[in-house]
Number of protein chains: 2
Amino acid sequence: MIQNLTEHDREHLQEALVKSGQKVTPQREAVFTVLLAQRDHPTVDEVFNRAREVMPGLSLATVYNCLETFVGCGLVRQVNHERESTRYCPNLAPHAHFRDKATGRVHDIELPPEVLKSLRSILPPGFDSEVIEISFHGRAQSGEQTSN
Amino acid sequence: MIQNLTEHDREHLQEALVKSGQKVTPQREAVFTVLLAQRDHPTVDEVFNRAREVMPGLSLATVYNCLETFVGCGLVRQVNHERESTRYCPNLAPHAHFRDKATGRVHDIELPPEVLKSLRSILPPGFDSEVIEISFHGRAQSGEQTSN
DNA sequence: CTTGGGAGTTAGAATGATTCAAAATCTCAC
DNA sequence: GTGAGATTTTGAATCATTCTAACTCCCAAG
Ligand SMILES: [Mn+2]
Ligand SMILES: [Mn+2]
Ligand SMILES: [Zn+2]
Ligand SMILES: [Zn+2]
């Protein structure tokens, strides 16, 4: 179920790590592979369990470390909903998140530039935002899928 | 520093509680008063410390209970940013939150209906959202104040 | 080759916000 | 005034995350 990284993805990983002075390690490859394999916004524990299948000695602390590293070098985003466990998302395009009340699943929602712009426009002068997080909570007809 | 509730606010509290089959208690009044007195999105601990000044025997668990009750009957909103402590907001108008990176303070940002509409419009068919949360993170020129 | 240092990994302990459980107190309808 | 149910209180439990310290890897300098 867990494919290897494509050449492109491996380069993406290497470039981001090296650019921030860090090394490509087997653990980081495994964790990154898990994130790309199934883009369902897994929690740390889910990443841990999936990655362990392919690298049995991997530790939970390392998964935390890898994910923190990836966030730090811009390879993935953290996704939080209320106080639930943090989830991770490798989709770097601007997008919002929809959490399905029934299943708990998180879907990516594409965010068109003009909507993003209208959002930025509500900030009064003097407010300068680097990050905007948008999250929906509700019901999705089962079978609904976004394109990620 | 902690004013009593206005007649209007007291009625607002009573109405919301009674409507959902719950009672007005001194603890609930104290906690609600604290929330209205200073609309700075306090954490549970901040509410606890402020409310204790006026009701020394109040317990932390009760503050958690009161706030949960208020959220349940729609008197206040929870505000979460990443994994920080939950904050509470009695502003019931549709609004977004701006967290100032420098001070940690959270500001209300008015959300015009047309922007809200454009946001809802990005949901693909089949997605039905009950709650939308929007939060900005960045810098606010010191002294900037929103109108809440 | 050795060796030493830095980065990364690991197991396990610590943290801290929140929740839970059980006993005590209050309230209100009867 | 009584009793049932709601609320409050204290202290313990939970659990995601962070921290600590020991261990492993890797490489570059000697
Ligand atoms: Mn790429
Ligand atoms: Mn009102
Ligand atoms: Zn996403
Ligand atoms: Zn607010």
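Throughout, a chain's letter reflects where its sequence line sits, starting with A, and its residues are numbered from 1.
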- Query: Could you give the CG-to-P distance, from B:Asp45 to C:dT18, as a whole number of Å?
  - Reply: 8 Å
- Go through the structure and list residues passing salt bridge (charged side-chain N to carboxylate O under 4.0 Å, His left out) with A:Glu46, not counting sequence neighbours. A:Arg87
- Axial bend angle, the helix from C:dC1-D:dG30 to C:dC30-D:dG1: five-pair end segments, nearest 10°: 10°
- Message: For B:Thr62 and B:Ser59: C-alpha separation, side-chain torsions, deciding distance, then whether side-chain hydrogen bond (donor to acceptor under 3.5 Å, both in side chains) applies.
- Response: CA-CA 5 Å; B:Thr62 295; B:Ser59 79; 3.0 Å; yes
- Note on the structure: Closest heavy-atom pair, B:Asn80 versus A:Glu82, reported as atoms and distance to 0.1 Å, is ND2-CA, 3.6 Å
- Task: Quick one: pull up CG in B:Asn91 and NE2 in B:His41 and give me the separation to the nearest 0.5 Å.
- Result: 7.0 Å
- Test the B:Arg52-B:Phe48 pair against the cation-pi criterion, namely NZ or CZ under 6.0 angstrom from the six-membered ring centroid and within 45° of the ring axis. yes
- Note on the structure: Comparing nearest nucleotides in DNA chain C, the 5'-proximal residue of the pair B:Val44, B:Lys23 is B:Val44
- Message: For A:Glu15, I'd like to know if atom CD has over 12 heavy atoms of other residues, nucleotides or ligands within 6.0 Å.
- Response: no
- Expected list for residues 62-71 of chain A near DNA chain D, using heavy atoms below 4.0 Å, is A:Tyr64
- Note on the structure: At a 4.0 Å cut-off to heavy atoms of chain A, the contacted part of DNA chain D spans D:dA16 to D:dT18
- Please give, in whole Å, the distance from C:dT10 C1' to A:Leu58 CG? 10 Å
- Sugar-phosphate, base or nothing in reach of A:Thr25, heavy atoms under 4.0 Å: sugar-phosphate
- Query: Does B:Gln27 place a side-chain N or O at less than 4.0 Å from the phosphate oxygens OP1/OP2 of C:dC26?
  - Reply: no
- Could you state the atom-to-atom distance from CG of A:Leu60 to P of C:dT10 in whole Å? 11 Å
- Note on the structure: Between A:Leu123 and A:Ser129, the two heavy atoms sitting closest are CD1-CB, 3.6 Å
- Quick one: CG on B:Leu35 to CG on B:Leu75, what's the gap to the nearest 0.5 Å? 9.5 Å
- Query: Taking DNA chain D as the partner, which of residues 81-88 of chain A come within under 4.0 angstrom of it by heavy atom?
  - Reply: A:Ser85, A:Thr86
- Qualifying ring-ring contact (aromatic ring centres under 6.0 Å, His included) pairs with a residue from residues 59-96 of chain B, counting only residues at least two apart or across chains: B:Phe32-B:Phe70, B:His95-B:His97
- Task: Count the heavy atoms of every other residue, nucleotide or ligand shown that sit under 6.0 Å from CD of B:Glu68, and state whether that count exceeds 12.
- Result: no
- Message: Between A:Asp9 and A:Thr6, do the side chains contain a donor N or O and an acceptor N or O under 3.5 Å apart?
- Response: yes
- Message: Could you check whether B:His107 and B:Phe136 have their ring centres less than 6.0 Å apart?
- Response: no
- Query: Hey, is B:Asp40 close enough to B:Arg50 for a salt bridge, meaning N to O under 4.0 Å?
  - Reply: yes
